[in-house]
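Notes follow the structure.
Lettering of chains follows the sequences in order, A, B, ..., and the numbering in each one begins at 1. Just the heavy atoms: all of them, side chains too, but no hydrogens, waters or symmetry mates, feed the values below.
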Amino acid sequence: MVETILEVSHLTVRREGRAVVDDVSFQLRCESDTALVGPNGAGKSTLVQALLGILPHHGGSVHLLGHRLGPRGQLGAAVRSQVAYLPQTLSLRGRLPLTVAEFVGLGWDPPGPALPWHGAGARSQAVRTALTKTDCHDLAQRLFSDLSAGQQKRVLLAFCVVRPRRLLILDEAQAGLDPRASDRFHDLLYQLRRSEGWTILQVSHDLEMVRRTCDTVLCLNRSLRCSGSPDHALSPHQLEGLYGRGYVPYAHRHASGAAAPSP
Amino acid sequence: MPFLQRALLAGMLSGALGGLLGSFAVLRQLSFFSDALGHSALLGIALGVSLGLDPTLVLIPFAVLFALGVNQLARRSRLPGDALLNIIYSSSLALAVVVLSRLPGWKGGLQQLLFGDILGVTGRDLLLLSALLVVTVVILLLTGRRQVLLTIDESLALSRGVASEAQRLLFVILLAVVVALSIKAVGVLLISAFVVIPACASRLISGNFRLYLLLSALCGAGCAVIGLLVSAAADLPSGPSVVIVQLGVFLLALLLAPRTGRVVS
């Protein structure tokens with residue numbers, strides 16, 4: 001039997017009295033790579049934040065690794081440390097004097113009070129490995145706030161992979177990455193799934209990338225409009241239903257004349 | 001203990017506490033908040049005097065309640081935070097001065113309250129400040145990493161299981177108690193300098209977070225000691241002397257800091 005990592009059932013999230021995520025149900029099976037697509041304002045970020053307990057939910061249920069998430073986002077520490085989140089942006093105020101290595105180390109720390117020297121050796125080893133995995137080892141002593149947006153994304157991924165996890169949730173992770181970094185990023189996600197058994201849920205606007213890399217697509221516009229394989233969920237018919245009449249899924253033509261796969 | 005030694009010890013403790021908490025407060029844009037806390041403390045003192053109670057003992061719960069109230073108001077209000085804080089601190093200052101001026105039996109001077117009176121530091125104040133430094137260091141050791149994560153981004157902190165609201169309140173309460181206990185030596189008008197200037201000087205020259213915290217606390221304590229010695233030697237008011245020394249250190253850090261913003265790593 002395939003293990004279910006995340007089970008969402010009739011989830012509703014309200015903001016200022018309005019349902020921004022309405023009666024959404026789906027499951028993520030182990031080692032799947034699922035894309036969450038939809039127009040701006042469709043509730044994608046709200047949905048992932050509710051799954052992580054960052055936002056409270058007002059109806060339905062979320063089970064992460066078989067454990068139920070409390071309505072105000074409560075989740076046991078052991079389950080919490082199995083889940084990583086890569087947000088769309090960071091508020092990062094006031095230019096923190098925090099090095100990349102210090103930042104990634106924060107991802108290693110277990111939840112709950114701990115003295116700073118607790119597990120120092122294991123932490124610094126894990127930080128080095130994570131920075132090497134994400135091609136960031138040369139940035140270790142740089143200040144995080146001095147990095148470009150693309151470099152910060154790579155460091156955030158290092159923050160996520162500094163501990164073995166079961167589920168990684170990414171909110172528009174590839175935005176701001178150059179093509180090489182983007183490819184490297186997706187290679188790493190693939191590797192995490194294949195060799196370390198991670199399950200991935202990613203919010204994305206890059207439908208070409210979704211077609212290429214994901215095995216399941218969830219189309220959201222407040223409620224779940226359709227779901228299934230990329231071929232099914234990203235067909236012109238479904239996309240028109242999601243993004244509105246007249247939407248033509250683009251085929252990106254390169255200088256060499258090679259066209260991206262069309263639906 | 002002779003008064004100068006008592007004053008130096010009190011200054012050192014207040015300086016270190018201001019530097020430690022200031023390093024987080026500055027990054028979280030709470031500089032103005034600490035200013036409002038300082039100004040409102042005068043209202044707490046006025047309240048204590050008019051009720052015939054010990055002002056220090058009234059000031060601690062007053063500052064904590066005030067800080068929690070302002071924190072809630074700032075989070076719920078649609079007004080810009082700095083405008084709201086301005087309304088709160090100018091009106092509490094005005095109220096306090098009016099209340100104090102109507103108290104016939106009050107012998108204390110407004111001047112000392114506004115700019116600090118190091119002669120007024122008692123043995124009990126020292127004991128309270130020492131206990132507070134121990135509590136602050138223990139709390140920062142145990143929760144510092146989560147406080148850093150919260151300073152970077154609240155969503156990221158929540159996703160890692162940080163109880164952000166509890167951590168935020170814990171920090172605001174600590175800051176309020178530090179301000180309440182340091183008021184006597186530093187004065188109502190200049191207390192926020194103790195929180196802001198050492199942290200900013202340290203930020204300019206620190207290449208990592210651990211160093212930033214350490215330099216900020218050392219700078220706070222060091223400036224207080226030098227400032228108080230200068231004030232004793234030249235018969236100057238204590239609070240302003242310390243702040244002028246802090247300014248000197250800040251300018252030095254500004255000169256030393258290369259464009260990358262750090263010289264020590």
Provide the closest heavy-atom pair for [X] versus [Y] in the form atom of the first, atom of the second, distance.
X	Y	result
A/Gln49	B/Ser155	NE2-OG, 3.8 Å
B/Ser206	A/Pro97	O-CB, 4.0 Å
B/Arg203	A/Leu143	NH2-CD1, 4.2 Å

**Item:** Toward chain B, the part of A/Phe103 with a non-hydrogen atom under 4.5 Å
**Value:**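 When you check distances to chain B, only side chain atoms of A/Phe103 fall under 4.5 Å.
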**Structural part of A/Ala114 lying under 4.5 Å from a heavy atom of chain B** =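 Looking at A/Ala114, just its backbone touches chain B.
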Point-to-point distance, once rounded to the nearest 0.5 Å, from [atom1] of [X] to [atom2] of [Y]:
X	Y	atom1	atom2	answer
A/Leu86	B/Ser159	CG	OG	9.5 Å
B/Leu158	A/Ile54	CG	CD1	6.0 Å
A/His118	B/Arg145	NE2	CZ	10.0 Å
B/Leu211	A/Thr99	CG	OG1	11.0 Å
B/Thr151	A/Leu98	OG1	CG	9.5 Å

**Request:** With a 4.5 Å heavy-atom cut-off (strictly below), which parts of residues 68-75 of chain B touch chain A? List them by number.
**Result:**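 The list, in residue order, is empty: none.
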**Pair A/Leu156-B/Leu156, side chain to side chain contact (heavy atoms under 4.5 Å, CB included): steps then yes or no** = CA-CA 10 Å; A/Leu156 263 169; B/Leu156 196 65; 4.3 Å; yes
**Message:** For the interface with chain B, which of A/Asp109, A/Val83, A/Leu52 has the highest count of heavy-atom pairs at distances below 4.5 Å?
**Reply:**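 Greatest number of close heavy-atom pairs with chain B: A/Asp109.
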**Asked** Do B/Arg160 side-chain atoms and A/Arg80 backbone N/O form a donor-acceptor pair below 3.5 Å?
**Response**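 Side chain of B/Arg160 to backbone of A/Arg80: a pair is present.
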**Request:** Look only at the side chain of A/Glu102 and the backbone of B/Asn208, and say whether a donor-acceptor pair between them is shorter than 3.5 Å.
**Result:**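 No, the answer is negative, given that no donor and acceptor are paired below the 3.5 Å cut-off.
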**Asked** If you tally heavy-atom pairs under 4.5 Å against chain A, which of B/Leu142, B/Val148, B/Thr143 wins?
**Response**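 Ranked by heavy-atom pairs under 4.5 Å with chain A, first place is B/Leu142.
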